[in-house]
Amino acid sequence: MNNRNLLYALALCCILLSLGAWVLAFFHYSAPVRQIPAAQVLPTLQPAPAADLKYAPPRPQNAPEDLREAVMLGYNIINDTAQYAPDHVGNELSCATCHLEGGTSKGSISLVGAAATYPRFSASHGTSIDLAQKVQDCFARNLNASPPAHDSPAMQGVLAYLQWISKDIPVYASLPWALPAKLDSTHKPDAAAGEKVYAEHCAACHGDAGDGSPPLWGKGAYTDGSTLHNIDTLAVYTHRFMPPEAATLTPEQALDVAAYVDAQPRPHFVPAQSPGSDKKPPQGK
Ligand code: HEC
Ligand code: HEC
């Protein structure tokens, strides 16, 4: 083979190689990303039997010394968000409005064990989310505020606290005190009937116009991106916890009043683009 033929052969090799690379790149970029059904991904871990679970959250004051400052900050933020995280409240609520006693009370939505059950699939995100994302969701959707950054003292405090009160709960335990998705009733919610239930059982505290203490609708209330902005969830919550320490509504009354409250105006949730996110922000609830 003379020199010229060698050159031709080399040039041909180069052309073939770049063609190959282009074909590969073409298929790589155009191949559709296969969506894996969430049920196939989560959860593959076996939940611990409920009977083993004791409800005895440790006190924040008893956290180990090196954690105590962060744990106490998280505890204070949850109990009085406006005082301890004033930049992250956009309405008249605190985390403790829905999670009494720092989320350790069974008389409201308990946060005991929550830290042991993340990461978890989130229907509103369409992806698996971790505890920090869930906490950011609660700031944005329930307090109508811009959430604290992941590396901020506020967020680190809330995470430290949530982990501390879950320290005795096995990972991915199914929590018997978790709020069920819906009431066991086939009743069709009737907002007109709910208006009467509201006047009789709720308005004394929450106000005729929903702007009482705490507010249920209007600008001081949770947003339309909250998980409470859903008739089933609101009915379960109301049936279980409202009025406080005197929850006596029937499932039917709870569904009716939930339909009435849910139909009232409330702040619109505007999803923020999270830093580093390569896809569109989550929509809706
Ligand atoms: C208006 C009521 C409301 C407020 C205010 C609120 N939350 Fe929640 N939160 C809920 C409801 C309802 C749930 C249960 C449904 C769900 O997972 O979204 C929940 C769930 C959670 C969970 C997950 C619990 C679990 O077992 O998965 C965490 C963590 C949480 N909230 C933290 C917070 C923090 C921190 C704040 C304050 C920044 C806050 N919440 C404010 C209503 C509220
Ligand atoms: C005696 C006063 C009282 C009555 C009556 C009452 N609530 Fe509440 N409600 C509260 C208080 C106080 C809170 C804050 C959490 C707590 O203390 O349990 C609250 C919290 C709530 C919340 C979550 C926080 C928020 O502001 O969004 C909802 C939703 C709610 N109540 C719905 C109802 C409904 C529906 C009724 C009627 C069936 C009702 N409540 C009756 C006092 C009352």
Side-chain angles (χ1 to χ4, degrees), residues 74-75 77-82 84-85 88-103 105 107-118 120 122-124 129-145 147-148 154-155 157-159 161-163 165-166 169 173-175 177-181 194 197-207 210-218 220-223 225-230 233-249 253-254 256-262 266 285:
Y75 173 70
I77 288 175
I78 291 182
N79 278 330
D80 190 345
T81 320
Y84 290 92
H88 304 290
V89 185
N91 60 18
E92 290 166 30
L93 310 183
S94 230
C95 306
T97 315
C98 300
H99 307 290
L100 285 179
E101 291 163 36
S105 162
S108 66
I109 303 162
S110 172
L111 297 176
V112 175
T117 65
Y118 286 81
R120 185 199 302 169
S122 153
S124 56
I129 63 165
D130 63 19
L131 186 63
Q133 283 170 293
K134 179 67 193 182
V135 168
Q136 290 186 325
D137 263 12
C138 264
F139 273 99
R141 293 163 187 262
N142 290 316
L143 296 188
N144 196 17
M155 176 57 80
V158 170
L159 294 178
Y161 171 74
L162 289 176
Q163 276 153 3
I165 60 170
S166 298
I169 308 293
S174 65
L175 307 171
W177 51 85
L179 201 66
V197 179
Y198 185 84
E200 201 176 322
H201 297 276
C202 319
C205 301
H206 294 291
D211 57 353
S213 180
L216 291 193
W217 65 84
Y222 58 83
T223 76
S226 166
T227 30
L228 281 185
H229 180 53
N230 171 290
T233 317
L234 184 57
V236 165
Y237 175 90
T238 303
H239 183 251
R240 199 169 262 207
F241 303 126
M242 285 299 132
E245 297 178 39
T248 51
L249 296 189
Q253 285 174 309
D256 291 346
V257 76
Y260 172 69
V261 170
D262 201 59
R266 58 185 61 262
K285 295 193 277 291

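Scope of the values below: all heavy atoms of this structure, side chains included, with no hydrogens, waters or symmetry mates. First listed ligand is number 1; within each ligand, the first listed atom is number 1.
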May I ask you to list the atoms of ligand 2 that are less than 4.0 angstrom from any heavy atom of [X]?
{"X": "Leu234", "result": "29 (C)"}
{"X": "Pro243", "result": "4 (C), 5 (C), 6 (C), 41 (C)"}
{"X": "Cys205", "result": "1 (C), 2 (C), 3 (C), 4 (C), 5 (C), 42 (C), 43 (C)"}
{"X": "Leu249", "result": "38 (C)"}

- Message: Whether the side chain of Tyr260 engages the backbone of Val197 through a donor-acceptor N/O pair (distance < 3.5 Å, no angle test) should be reported.
- Response: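 Not a single qualifying donor-acceptor pair exists.
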- Query: Taking Asn144 for the side chain and Thr223 for the main chain, is one N or O donor matched with an acceptor at less than 3.5 Å?
  - Reply: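 Here the side-chain-to-backbone pair does not exist.
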Residue-ligand contact [X]/ligand 2, heavy atom below 4.0 Å:
{"X": "Val197", "value": "no"}
{"X": "Pro215", "value": "yes"}
{"X": "Pro244", "value": "yes"}

- Item | Short N/O/S contact of His206 with atom 8 (Fe) of ligand 2 (below 2.8 Å) |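 Yes, His206 qualifies, because one of its backbone or side-chain N, O or S atoms lies under 2.8 Å.
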- Between atom 8 (Fe) of ligand 2 and Met242, is there an N, O or S atom separated by less than 2.8 Å?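 Here the distance criterion (N, O or S atom, under 2.8 Å) is met by Met242, so yes.
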- Message: Let me confirm one number: the OG1-OH distance from Thr238 to Tyr198, rounded to the nearest 0.5 Å.
- Response: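 Thr238 atom OG1 to Tyr198 atom OH measures 10.5 Å (nearest 0.5 Å).
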With a cut-off of 4.0 Å, which atoms of ligand 1 are near a heavy atom of [X]?
{"X": "Arg120", "answer": "25 (C), 26 (O), 27 (O)"}
{"X": "Leu228", "answer": "1 (C), 2 (C), 12 (C)"}
{"X": "Tyr118", "answer": "23 (C), 25 (C), 27 (O)"}
{"X": "Ser94", "answer": "5 (C)"}
{"X": "Ala114", "answer": "24 (C), 25 (C), 26 (O)"}
{"X": "Leu143", "answer": "5 (C), 37 (C), 38 (C)"}

- Compare all side-chain heavy atoms of Pro214 with those of His206 and state whether any distance is below 4.5 angstrom.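 Sidechains of His206 and Pro214: in contact.
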- Message: Could you check whether any side-chain heavy atom of Tyr84 comes within less than 4.5 Å of a side-chain heavy atom of Asn79, counting everything from C-beta outward?
- Response: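 No, every pair of side-chain atoms sits at 4.5 Å or beyond.
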Could you see which bit of [X] sits under 4.0 Å from ligand 2, with heavy atoms only: side chain, backbone, both or neither?
{"X": "Tyr222", "answer": "side chain"}
{"X": "Thr97", "answer": "both"}
{"X": "Tyr237", "answer": "side chain"}
{"X": "Ser108", "answer": "neither"}

Around [atom], find the nearest protein heavy atom and jot down its residue, atom name and distance.
{"atom": "atom 16 (C) of ligand 1", "result": "Lys134 NZ, 3.2 Å"}
{"atom": "atom 18 (O) of ligand 2", "result": "Leu100 CD1, 3.5 Å"}
{"atom": "atom 5 (C) of ligand 2", "result": "His201 O, 3.2 Å"}

- Of the choices Ala203, Cys202, Ser213, Ala199, which has the non-hydrogen atom that lies closest to atom 34 (C) of ligand 2? Cys202
- Message: Can a side-chain donor-acceptor contact be found between Asn142 and Ser226 if the only test is distance below 3.5 angstrom?
- Response: yes
- Can Ser94 and Thr97 be said to form a side chain to side chain contact (heavy atoms under 4.5 Å, CB included), step by step? CA-CA 5 Å; Ser94 230; Thr97 315; 3.7 Å; yes
- Item | Sum of protein N, O or S atoms, each under 2.8 Å from atom 8 (Fe) of ligand 1 | 2
- Begin with the C-alpha distance, continue with both residues' side-chain angles, and end with the deciding distance and a verdict on side chain to side chain contact (heavy atoms under 4.5 Å, CB included) for Thr81 and Phe139. CA-CA 10 Å; Thr81 320; Phe139 273 99; 3.9 Å; yes
